[in-house]
J.: 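The structure that follows is given in the form of structure tokens.
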There are 2 protein chains.
Amino acid sequence: MVVARRADEIVDIASRLFYERGYQSVSTRALAQAAGIQGGSLYHHFSSKEEILYRIVQYGSAEFFAGLLPHLESTEASYPERLDRFVRAYITDAQPRRYAIAVLFRDMAHLSPDHFVELQAVRRHFQQAVQRFLADGVAAGEFQVPDAKLAGIAILDLLKGVDAWMREPGRLSRRQVADTYAVLVLQLMGALPR
Amino acid sequence: MVVARRADEIVDIASRLFYERGYQSVSTRALAQAAGIQGGSLYHHFSSKEEILYRIVQYGSAEFFAGLLPHLESTEASYPERLDRFVRAYITDAQPRRYAIAVLFRDMAHLSPDHFVELQAVRRHFQQAVQRFLADGVAAGEFQVPDAKLAGIAILDLLKGVDAWMREPGRLSRRQVADTYAVLVLQLMGALPR
DNA sequence: GTCTATAGCTTGATAGAC
DNA sequence: GTCTATCAAGCTATAGAC
């Protein structure tokens, strides 16, 4: 699996470059240079630039989402406790796949039609799982919002934003941001006593 | 001012195209075609493609932010009331400049260094005004959050997201989304009685 | 104010030597 | 598995006729 290993290496390098500059702004030549090879050599490992994008977001998003959903499903804890853990995990865990998920959110439109449909389904599955959890919490009387679906979108939007603005080191550590956001999200869901 | 009028027309068309496909994905030829002229003719009105981007986001963001801040500053109303109006206005008002603000958020990186700095300052000024308002509300005991600055970022992120996912017509009207988001944001700020 | 024509460059991708 | 060389197409921008 020597070929595959080298390809994985290139995918890692690409995920960082795409994350920093955007898919369209990274030429195959620039990517090859970052990997220490010539432009043409890329096509020994991949059949197109789009395939590299696909590999990044497919593998990365699957891992990211799969690592997060269990926090919502541990039936021993209360709904607010589960949501608290989910928010903290979203912000602090999954560091290695953080690039991939940011690239997915921003550069999805550059996937081929087939790949686009596939990954939109993955995203939607994740979003719906979150929305179902919130709706269940409302039904159980532990959350109070006018619309669980919109609350889910709002929460995912605000979590997605964190990596766009956070600089490390900054005023607050990633852990402190996670603590604060957990409180904000629980309040948003009408879960904390006043 | 015949020249200026035609230029404004092209800027309007460009704002829609850039909004839909992204700055980099819209070629000058495609833009010219949408305006009913040939590619080269664009350069009678503008000196570069970047100038068109700049005109869109400069004019658009100034109007958008200027229309929103007064809702936070009407000292007759309580802090929660003012925030409620601000959120509703963000989602329902300023329709004509909605494209511009979305383009600003996404395509800012393609501005020239000077223009980038200028517009980042405009954005920061707006964000800081929101954060100051929230901090004042906390000091007045009408909001309860661990960190007013982070709350401001979270709120602006979740509002920014609305235009990215909302389709009209959809399950809810823009007005209904605004109603729901106003509740969610007030809860996030710890403002609504439980 | 718009046209045609094109310069000058960069892009993604391919071919064949090693 | 990487190299060099190159193709074909696309891009922004310019020049000069009308």
Side-chain angles (χ1 to χ4, degrees), chain A residues 1-58 103 106-116, chain B residues 1-58 103 106-116:
Chain A
M1 293 284 276
V2 175
V3 174
R5 171 164 307 163
R6 186 79 177 101
D8 285 348
E9 227 177 273
I10 294 170
V11 167
D12 274 352
I13 293 168
S15 75
R16 204 196 72 241
L17 289 180
F18 290 171
Y19 170 74
E20 287 168 357
R21 302 187 223 160
Y23 176 73
Q24 282 190 114
S25 296
V26 178
S27 68
T28 52
R29 279 169 178 79
L31 169 55
Q33 190 184 18
I37 55 179
Q38 292 300 310
S41 307
L42 274 181
Y43 293 85
H44 174 75
H45 304 281
F46 311 98
S47 68
S48 70
K49 185 185 178 188
E50 189 270 348
E51 189 194 330
I52 302 178
L53 176 62
Y54 175 63
R55 298 261 298 254
I56 291 172
V57 297
Q58 191 222 25
V103 172
R106 191 185 45 191
D107 290 321
M108 221 179 165
H110 300 111
L111 289 168
S112 73
D114 281 3
H115 290 161
F116 181 86
Chain B
M1 293 285 275
V2 175
V3 174
R5 172 165 305 163
R6 186 81 177 103
D8 286 347
E9 226 177 273
I10 295 171
V11 167
D12 274 352
I13 293 168
S15 75
R16 205 197 69 241
L17 290 181
F18 290 171
Y19 170 74
E20 286 167 359
R21 302 187 222 158
Y23 176 74
Q24 281 190 114
S25 296
V26 178
S27 68
T28 51
R29 279 170 177 78
L31 169 54
Q33 190 184 19
I37 56 178
Q38 292 299 311
S41 306
L42 275 180
Y43 293 85
H44 174 75
H45 304 281
F46 311 97
S47 69
S48 70
K49 187 185 177 187
E50 189 270 348
E51 190 194 332
I52 302 177
L53 176 62
Y54 175 63
R55 297 262 298 254
I56 292 173
V57 298
Q58 192 222 25
V103 171
R106 192 185 46 193
D107 290 321
M108 219 178 165
H110 300 110
L111 289 168
S112 73
D114 280 2
H115 291 162
F116 181 86

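Heavy atoms only: backbone and side chains are in, while hydrogens, waters and symmetry mates are out. All chains are named by letter (A, B, ...) in the order of the sequence lines, taking the proteins before the strands, and each is independently numbered beginning at 1.
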J.: Donor-acceptor pair, A:Gln58 side chain versus A:Tyr54 backbone, under 3.5 Å?
T.: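 No: the side chain of A:Gln58 does not pair with the backbone of A:Tyr54.
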J.: May I have the distance from A:Leu31 (atom CG) to C:dT11 (atom P), rounded to whole angstrom?
T.: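 Taking atom P of C:dT11 as the reference, CG of A:Leu31 is at 12 Å.
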J.: Would you classify B:Ser27 as touching base, sugar-phosphate or nothing, given that sugar-phosphate means primed atoms plus P, OP1 and OP2, and contacts are heavy atoms under 4.0 Å?
T.: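 Here B:Ser27 touches the backbone only, sparing every base.
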J.: What verdict does the salt bridge (charged side-chain N to carboxylate O under 4.0 Å, His left out) test give for A:Arg5 and A:Glu9, after you've listed the backbone C-alpha separation in whole Å, the side-chain angles of each residue and the deciding distance to 0.1 Å?
T.: CA-CA 6 Å; A:Arg5 171 164 307 163; A:Glu9 227 177 273; over 6 Å; no
J.: Using whole Å, what does the distance between atom C1' of nucleotide D:dA5 and atom CG of A:Leu42 come to?
T.: 16 Å
J.: Is there a side-chain polar atom (N or O) of B:Ser41 under 4.0 Å from OP1 or OP2 of C:dG1?
T.: no
J.: D:dC11 P sits how many Å from B:Leu53 CG, rounded?
T.: 17 Å
J.: In whole angstroms, how far is the P atom of D:dT14 from the CZ atom of B:Phe46?
T.: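 It is 15 Å, rounded to the nearest whole Å.
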J.: Rounded to the Å, how far apart are B:His44 NE2 and D:dA15 P?
T.: 15 Å
J.: Donor-acceptor check, side chain of B:Ser15 to backbone of B:Asp12, threshold 3.5 angstrom: yes or no?
T.: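 It does hold such a pair.
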J.: A side-chain contact here means heavy atoms from C-beta on lying under 4.5 Å apart; do A:Arg106 and A:Tyr23 qualify?
T.: no
J.: So does A:Arg29 reach the base of C:dG12 with its side chain, donor to acceptor, closer than 3.5 Å?
T.: yes
J.: Examine D:dT14: is either OP1 or OP2 under 4.0 Å from a nitrogen or oxygen in the side chain of B:Tyr43? Give yes or no.
T.: no
J.: Mapping B:Gln38 and A:Lys49 to their closest nucleotides on DNA chain C, which lands nearer the 5' end?
T.: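 Residue closer to the 5' terminus by nearest nucleotide: B:Gln38.
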J.: Measure CD/B:Glu51 against P/D:dT14 and give the value in whole Å, please.
T.: 12 Å
J.: Could you tell me whether A:Gly40 contacts a base, only the sugar-phosphate backbone, or nothing, with contacts defined as non-hydrogen atoms closer than 4.0 Å?
T.: base
J.: Rounded to whole Å, please give me the gap between NE2 in B:His45 and C1' in D:dT14.
T.: 16 Å
J.: Would you mind reporting whether B:His110 and B:Glu50 have side-chain heavy atoms less than 4.5 Å apart?
T.: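 The answer is no, as the side chains (C-beta and beyond) never meet within the 4.5 Å cut-off.
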J.: Expressed as a whole number of angstroms, how long is the span from A:Gln33:CD to D:dT4:P?
T.: 13 Å
